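First the structure, in the form of C-alpha cells, and then the observations on it.
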Amino acid sequence: MGEQRKFSRRTFLKASAATGAILAVDFNLSMNQWAKAEEKGNMKKIPTLCNGCTSRCGIIATVKNGRVVNIEGNPEHPTNKGTLCGRAYGAAMLIYHPDRLREPMKRVGNQFVPISWEQAYKEIGDKLKGIISKYGPASVMYMHNPKDVGKFYGGRFMKAIGSNSIQTHHSVCYISRDVGLEYTIGGTPASDSSSAKYMLYIGRSVGDGIKPSHLQGMVKGRDKKAKVVCVDPRHSATANIADEWVPIKPGTDLALLLAIANTMIANNWYDQAFIEQNAIGFEEFKKGIQNYTPEWAEKITIIPATKIIEIAKDLFAAKPHAFIDPSWKGAFGCNYLNSPETARMVGLVNAMLGNINQKGGIYFAVEPELGKLDSVKHPSPEKPKVDHIDGSGVEGQYPLVPSSKGMPHRTAGLIDEGKVKAVFINHFNPVRNTPDRQYNIDGYKKAELVVVCDIWMSESAELAHYVLPEPTYLERTEIIEPLSGKHGVVAIRQQVIPKIHSKTKSFSEIITGIATSMGIGQYFNFSVDELNEELLKPTGVSYALLKEKGAVETKEKVEFGKLPKLKTESGKIEFFSEAYKKAGFSAIPVWLAPKVEPKKGEFRLIWGKQNVHSHSSTANIPQLMQVTKDYNLERVWINTKKANELGIKDGEFVVIENDLFRGKIRAKVTERIFPDAIFLPGGYGAFAKSLKTANGFGLCPNDFVKTGTDPISGNGLMMEAAVTVRKDV
C-alpha cells in the first residue's frame, strides 16, 4: 500500500496550527491509505462549543466518514468571533486520545475493574441512600466546574436528595472578585475595551487567557490610540502589547488602589455628580482612606508615588471612557487574604470614574431569559431545608460566600472531620486544582463514597470508588447555554460524531440513571432535547435554527449611557457596606497585608495561565505538551539579579522548597519579574499514573500552598506561599 510515513508530534502541531486541520487519523496508516479513505464520503460542517477551557468558544467541526477532520472558529459566537487559540486545536484531539476511559470502573482493593452501567447505578444509588439515611443529606457533596448541563442536572439531583452542599471551582478562581464587586456595585461587570481611551489591567493577562474576545477588544481599543497599562509583578504576554508595564510587589495591589482613590479625592479627580446621585457612604469612605497617600503606598507596593499620581490623573482625564478591568483570578480573584478588599476597591474606583454602563467603561452584561420545564409534566424537587455543609452563606460562618459556589478547597478537611461522607465530582479535579496535595489525598481517602465523572483517570479519579466515563465534548449534546454580553445570545454544544467508545455516557444520562436507581427518577423524566425546547421558548429562537447556527443573538441589549438598577442591598453603589458590617468586617475598604510575608532569603511564589494550557486539563494532550517542550514553557521565572546572587544560570536545574513540598525544575532567568518573587506556570505537575503524557512533567504551584480560607469571600489563598530557591547540585 505504499511507503509507511509517520508524523512527529511537532510536525503535526505545525500542520494543524497552520491549517486548522485536526487530521484525526490512525498514525499507523500510510498517508496513501488515509488519503484514499478521505476521497469518499460527504463533508458536514456542524457548529458546537469548544472544551479547551471554560470559555466554551464557538467552533465549527468538519466531519467526514464519521470523523472530525477540521475545526474552525464560529463567527456567530461572541466569545471568540471566529478565532481560536491553540487550546482549541489541542482539545479536539481528545476524541482519539489513548488515555480515555472507555467504560464504568469500580475500585476493588487497590485496582479498578470494569463494571456495567446497571451495576454502577444500583451500587452508587444504594450507597447514597444509606449515607443519607445515616448522616443526613447535607453530608453528600456535589463538586463541579460549572457548565450548564452540570449545573442543571447536578443541582436538580442535589435538590432531589435534599442537599444544598454544592461546590464549584470559584473559590480557587475568582470568588473574591465576585463577592467584592457584588457588595459594592451589585455584580461583576465587563469592560468595553474596544471603545476605551484608558485601560488598567491589574494582575491579569488577556494575552494568556481566557476569552479571545477580551484580547480582541483590548487590541481594537489600543489601535484607536487608547492607553493600555499593565500592573503586574511579571511582564506577561499582555504586557508585551501594552503601552506600559508597572511592576508591583505581589499582594499589594490593594495599597495601590487605595492610594489611587485617595489621590482622586484629594484632587477632585472623580465624577462628583455621579457619586452624589448614585452612591451611599462616600463621606465615610473619604474619611477612612485619607491616610492612604501615594507616598504611603510607594513603601508597600514599590511603585513610585509619582507613578501612582500619574495613573490616577490619566484615569480621570479619560473618564468615563476608562476602566480598571474586573479581571478573573489575578490580584483580586482568589489569591490573597486581601483579595476581597482589592475587588471592592476596583468596583469603587470605577464608580468614581462614572463609567458604569458607559461606552469605554465597564458595563453589566445582559443575558437571555430562558424558559422552564412544565412542572405538571416534569415535577421539580423542593428546595433543600439544610444549610451548606461548608458554611457558605451561613450566618456566623461564611455569610458573604455564595452558597451556590461553596469552597471546594475545604472539602478534604470536611471529610476528615466526618461532616462530608459522599462526594460526586463532575468536570473538576479538586485533588490537583486546589492547594496541598497530601491534604487532599489524605482527606478523600477517608470518604465513604467518591464518584468521579470524567473522560480519563485524573488525580481525583484515582482516589474514587467509582469512575464514570463521559464521551468527549464532540460526542455529546448538552443544555442550551445563555451567553451574557452587550447582546444576549443563546448557544449550544451538540454532538458532531457518533461516540467513539460505546460504553461512555453523557452526564445527563448518568444522573438520570443514578436518580432512577434511588427512586427519584420522576425528576428526570425528560430528554436533553425536550429540555432545550422548553428553555428556548421565551427567546423566540427555534431549536432547529440554533443547531444550524451554533449561536444566535436574542433581543436583550445593553443600554449604554443608562445606569441599570444595581443589585446591592441599597440599590446604589456602596462605599459603606452594611452587609460587611453585619458580617463582622470593615464597612469600608481598609488596608490588609497578605497573610504570608516571605522572610529574608525566601521568594513569594506566584503563578498564572499560559495561552496553550487550561488548569490541569490540557497537559495530557501530546500536541499541546509539545509546544511546552519546544518553548520551555514549564520553567520557573527568577529575576536576573537574584539568580546571579544564587549562582543560577538560565536553563539550569533549581530546587524549589518549603515545609510542604520540594521540587526540581529548570530556571528561566529574566528581568521580567519582580525580584522577590518567582513565577511558576499553572497546569503542570500531574501525578495521576494514567495521564501518560503529563505525569511527572513540571511542577504544580498548589503543592507549595497550604490550605487556608479567606474569611470574607472564602477564597483559597492560592498565592499565600513563600519558598526558597537554590541551585541543584
Side-chain angles (χ1 to χ4, degrees), residues 121 124-126 128-129 131-133 136-168 170 367-390 392-394 402-406 422-427 451 453 468 470 476-484 488 490-493 505-541 543 546 554 567:
Y121 293 153
I124 293 170
D126 287 346
L128 280 174
K129 285 193 291 185
I131 288 170
I132 292 167
S133 175
S139 68
V140 180
M141 179 76 72
Y142 171 56
M143 308 174 73
H144 66 133
N145 190 333
K147 53 181 182 176
D148 289 279
V149 67
K151 184 177 180 181
F152 181 89
Y153 276 89
R156 193 175 181 90
F157 179 77
M158 292 295 279
K159 281 184 179 181
I161 66 172
S163 177
N164 193 38
S165 299
I166 298 175
Q167 293 181 337
T168 72
H170 289 83
E367 183 176 294
E369 181 180 345
L370 299 184
K372 297 179 180 179
L373 289 168
D374 185 331
S375 60
V376 176
K377 294 180 181 178
H378 311 291
S380 178
E382 295 182 1
K383 184 178 179 180
K385 297 180 174 62
V386 295
D387 287 332
H388 199 303
I389 199 71
D390 72 6
S392 298
V394 180
S403 62
S404 61
K405 296 177 180 176
V423 185
F424 199 108
I425 302 170
N426 170 45
H427 199 64
V451 180
C453 181
L468 308 180
E470 263 200 307
R476 63 183 189 244
T477 295
E478 296 185 355
I479 296 175
I480 299 300
E481 181 170 301
L483 302 178
S484 59
V490 285
I492 186 171
R493 171 174 288 159
K505 288 185 181 291
S506 65
F507 187 68
S508 55
E509 293 176 287
I510 292 170
I511 287 294
T512 300
I514 295 173
T516 300
S517 77
M518 295 178 69
I520 51 175
Q522 69 271 24
Y523 299 122
F524 300 91
N525 62 349
F526 47 85
S527 68
V528 168
D529 285 333
E530 289 172 326
L531 174 58
N532 282 339
E533 292 276 12
E534 294 299 317
L535 292 175
L536 275 177
K537 281 184 178 178
T539 69
V541 177
Y543 196 25
L546 182 57
T554 54
K567 296 179 181 178

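These values consider heavy atoms only, across backbone and side chains, with no hydrogens, waters or symmetry-generated copies. It should be emphasised that the depicted structure is a prediction, and the values quoted were computed from it without experimental measurement. Throughout, residue positions are numbered sequentially from 1 according to the sequence presented.
- A distance-only check finds no donor-acceptor pair linking the side chain of T554 to the backbone of T539 [under 3.5 Å].
- For the pair S380/L373, no side-chain contact is recorded, criterion being any heavy-atom separation below 4.5 Å from C-beta on.
- The two residues S517 and G125 have their closest heavy-atom pair at OG-CA, 3.6 Å.
- In this structure the side chain of I124 reaches within 4.5 angstrom of the side chain of L468, judged on heavy atoms.
- Looking at T168 and N145, their side chains never come closer than 4.5 Å, going by heavy atoms from C-beta outward.
- Applying the side chain to side chain contact (heavy atoms under 4.5 Å, CB included) criterion to D126, with sequence neighbours excluded, gives K122, K129.
- Scored by the side chain to side chain contact (heavy atoms under 4.5 Å, CB included) test, E533 finds Y543 as partners (sequence neighbours excluded).
- Between the side chain of S165 and the backbone N or O of A138, at least one donor-acceptor pair lies under 3.5 Å.
- No donor-acceptor distance shorter than 3.5 angstrom exists from the side chain of R156 to the backbone of F524, with no hydrogens or angles considered.
- Qualifying side chain to side chain contact (heavy atoms under 4.5 Å, CB included) partners for S527, counting only residues two or more places apart in sequence or in other chains: D529, E530.
- Contact check for N426 versus Y142: side-chain heavy atoms found under the 4.5 Å cut-off.
- Contact between V149 and F507 at its shortest, heavy atoms only, is O-CD2, 4.1 Å.
- Under a 3.5 Å cut-off, the side chain of H388 and the backbone N or O of S404 do not form any donor-acceptor pair.
- In this structure a side-chain-to-backbone donor-acceptor pair under 3.5 Å is missing from D387 to S403.
- S163 contributes a side-chain N or O that, together with a main-chain N or O of P137, makes up a donor-acceptor pair within less than 3.5 Å.
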